[in-house]
Amino acid sequence: ACLYKTLSTGEYLYNRYMLSNGTEIDSENFDYSCVALQYYKALEFLINNIFYIPYKKKFLDSRDKNDGFCGYIGEANFKSLCPKSNFKNSLELGTFAYLFKGLFNEKGDISQNHIQLHKYLSSLGMDNRSKKEFAKISEKILDISKPRNKAAHGSTPLSIGDARDARKSV
């Protein structure tokens, strides 16, 4: 339901603030972050529900934090995943991408920093070829996280082109 509501809101805002009679309008006085964020939120909801939340339940929540997390969190910063005593219930795009960044080393072999992530993806029925495709998608998610952060943290107003790109990327 949340995915549907978020995408519906994004489409409503897109049609309300970016279109007039089917033609895009561009107002230099408008920050299109509110439109773009809906699409980024929808993507975050999707990847969290399909990948992170099940992984967290299956591999992270049951692990003793004193045993360390080598092989479990890839290149993600532990404090980004676990800012307090428990793992976060959901991840932002960038943190998710770093979780899977470097899934394979330069030779194409499984990275030891991701051994448990590989086990998890295998449990989903992914072979190495599928995992390599997943790694490419995760790189794209890292690229998408940059304008997402710009929209979410208000560093500068987003242009209509940025909002259009958010809609296309999702």
Side-chain angles (χ1 to χ4, degrees), residues 1-56 60 69 72-106 111 113-114 117 120-121 130-170:
C2 184
L3 178 63
Y4 177 76
K5 286 180 183 179
T6 304
L7 281 175
S8 296
T9 302
E11 287 298 289
Y12 171 79
L13 293 172
Y14 176 82
N15 288 310
R16 173 76 171 91
Y17 295 107
M18 294 177 62
L19 294 179
S20 176
N21 296 325
T23 305
E24 266 190 7
I25 53 171
D26 188 2
S27 172
E28 291 180 20
N29 298 321
F30 193 79
D31 180 359
Y32 293 94
S33 296
C34 64
V35 179
L37 273 173
Q38 297 306 312
Y39 297 109
Y40 296 133
K41 282 175 47 179
L43 181 58
E44 286 176 350
F45 179 84
L46 189 66
I47 63 173
N48 277 299
N49 281 281
I50 292 175
F51 291 104
Y52 174 68
I53 293 170
Y55 176 70
K56 177 183 171 290
L60 299 178
F69 286 90
Y72 285 84
I73 62 171
E75 295 185 22
N77 181 319
F78 182 75
K79 291 186 185 218
S80 297
L81 294 168
C82 191
K84 296 185 180 174
S85 60
N86 295 318
F87 281 91
K88 291 170 101 176
N89 290 325
S90 64
L91 299 180
E92 298 79 17
L93 295 177
T95 305
F96 176 83
Y98 277 108
L99 187 65
F100 291 96
K101 184 177 182 196
L103 205 53
F104 292 90
N105 63 27
E106 297 82 26
S111 164
N113 287 338
H114 297 81
L117 289 162
Y120 172 64
L121 294 175
S130 298
K131 290 176 191 176
K132 287 179 181 179
E133 288 302 313
F134 183 79
K136 289 178 188 174
I137 291 169
S138 144
E139 289 173 20
K140 289 179 184 176
I141 289 172
L142 185 58
D143 291 339
I144 292 169
S145 74
K146 293 168 187 159
R148 177 260 179 221
N149 290 344
K150 187 177 163 184
H153 302 294
S155 57
T156 57
L158 257 64
S159 70
I160 194 169
D162 294 330
R164 185 185 325 108
D165 291 345
R167 185 173 185 245
K168 283 181 186 176
S169 65
V170 174

### Query
Lys56 versus Asn89: any side-chain heavy-atom pair under 4.5 Å?
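In contact.
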
### Query
Going by heavy atoms in the side chains, are Ser145 and Phe96 under 4.5 Å from each other?
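No, their side chains stay 4.5 Å or more apart.
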
If you count every heavy atom of other residues, nucleotides or ligands that lies below 6.0 Å from [X] atom [atom1], does the total exceed 12?
| X | atom1 | result |
| --- | --- | --- |
| Lys131 | NZ | yes |
| Tyr12 | OH | no |
| Lys140 | NZ | no |

How long is the straight-line distance from [atom2] of [Y] back to [atom1] of [X], given to the nearest 0.5 Å?
| X | Y | atom1 | atom2 | value |
| --- | --- | --- | --- | --- |
| Asp31 | Ile160 | CG | CD1 | 12.0 Å |
| Leu37 | Thr6 | CG | OG1 | 11.0 Å |
| Phe100 | Tyr52 | CZ | OH | 10.5 Å |
| Glu133 | Ile137 | CD | CD1 | 7.0 Å |
| Leu60 | Tyr120 | CG | OH | 10.0 Å |
| Phe78 | Ile73 | CZ | CD1 | 6.5 Å |

Which residue pairs pass the salt bridge (Lys or Arg N to Asp or Glu O under 4.0 Å) test when at least one of the two sits in [range], sequence neighbours left out?
| range | answer |
| --- | --- |
| residues 78-91 | Lys88-Glu92 |
| residues 33-43 | none |
| residues 161-170 | Glu11-Arg167, Glu24-Arg164, Lys150-Asp162 |

### Task
Tell me, please, which residues at least two apart from Ser8 pass side-chain contact (heavy atoms from CB on, under 4.5 Å).
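Expected list: Tyr4.
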
### Query
What orientation do Phe134 and Phe51 show, parallel under 30°, tilted 30 to 60°, or perpendicular over 60°?
tilted

Considering non-hydrogen atoms only, spot the tightest contact between [X] and [Y] and give its length.
| X | Y | result |
| --- | --- | --- |
| Leu117 | Leu103 | CB-CD1, 4.3 Å |
| Ala163 | Ala36 | CA-CB, 4.0 Å |
| Gly102 | Ser111 | O-CB, 3.1 Å |

### Query
Do side-chain atoms of Tyr39 reach the backbone of Gly10 as a donor and acceptor pair under 3.5 angstrom?
yes

### Message
For Phe69 and Phe87, I'd like to know if the aromatic rings sit close, meaning centre-to-centre distance below 6.0 Å.
### Response
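Ring-ring flag for Phe69/Phe87: true, centres closer than 6.0 Å.
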
### Message
Can you list everything that forms a ring pair (Phe, Tyr, Trp, His ring centres under 6.0 Å) with Phe30? Sequence neighbours excluded, please.
### Response
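For Phe30, the residues satisfying ring pair (Phe, Tyr, Trp, His ring centres under 6.0 Å) (neighbours in sequence not counted) are Tyr17, Tyr32.
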
Quick one: side chains of residues 42-49, donor-acceptor pairs under 3.5 Å with protein atoms, not counting sequence neighbours, listed by atom name and distance.
unit_1	atom_1	unit_2	atom_2	d
Glu44	OE2	Leu93	N	3.2
Glu44	OE2	Arg148	NE	2.7
Glu44	OE2	Arg148	NH2	3.4
Asn48	OD1	Leu91	N	2.7
Asn48	ND2	Glu44	O	2.8
Asn48	ND2	Leu91	O	2.9
Asn49	ND2	Phe45	O	2.8

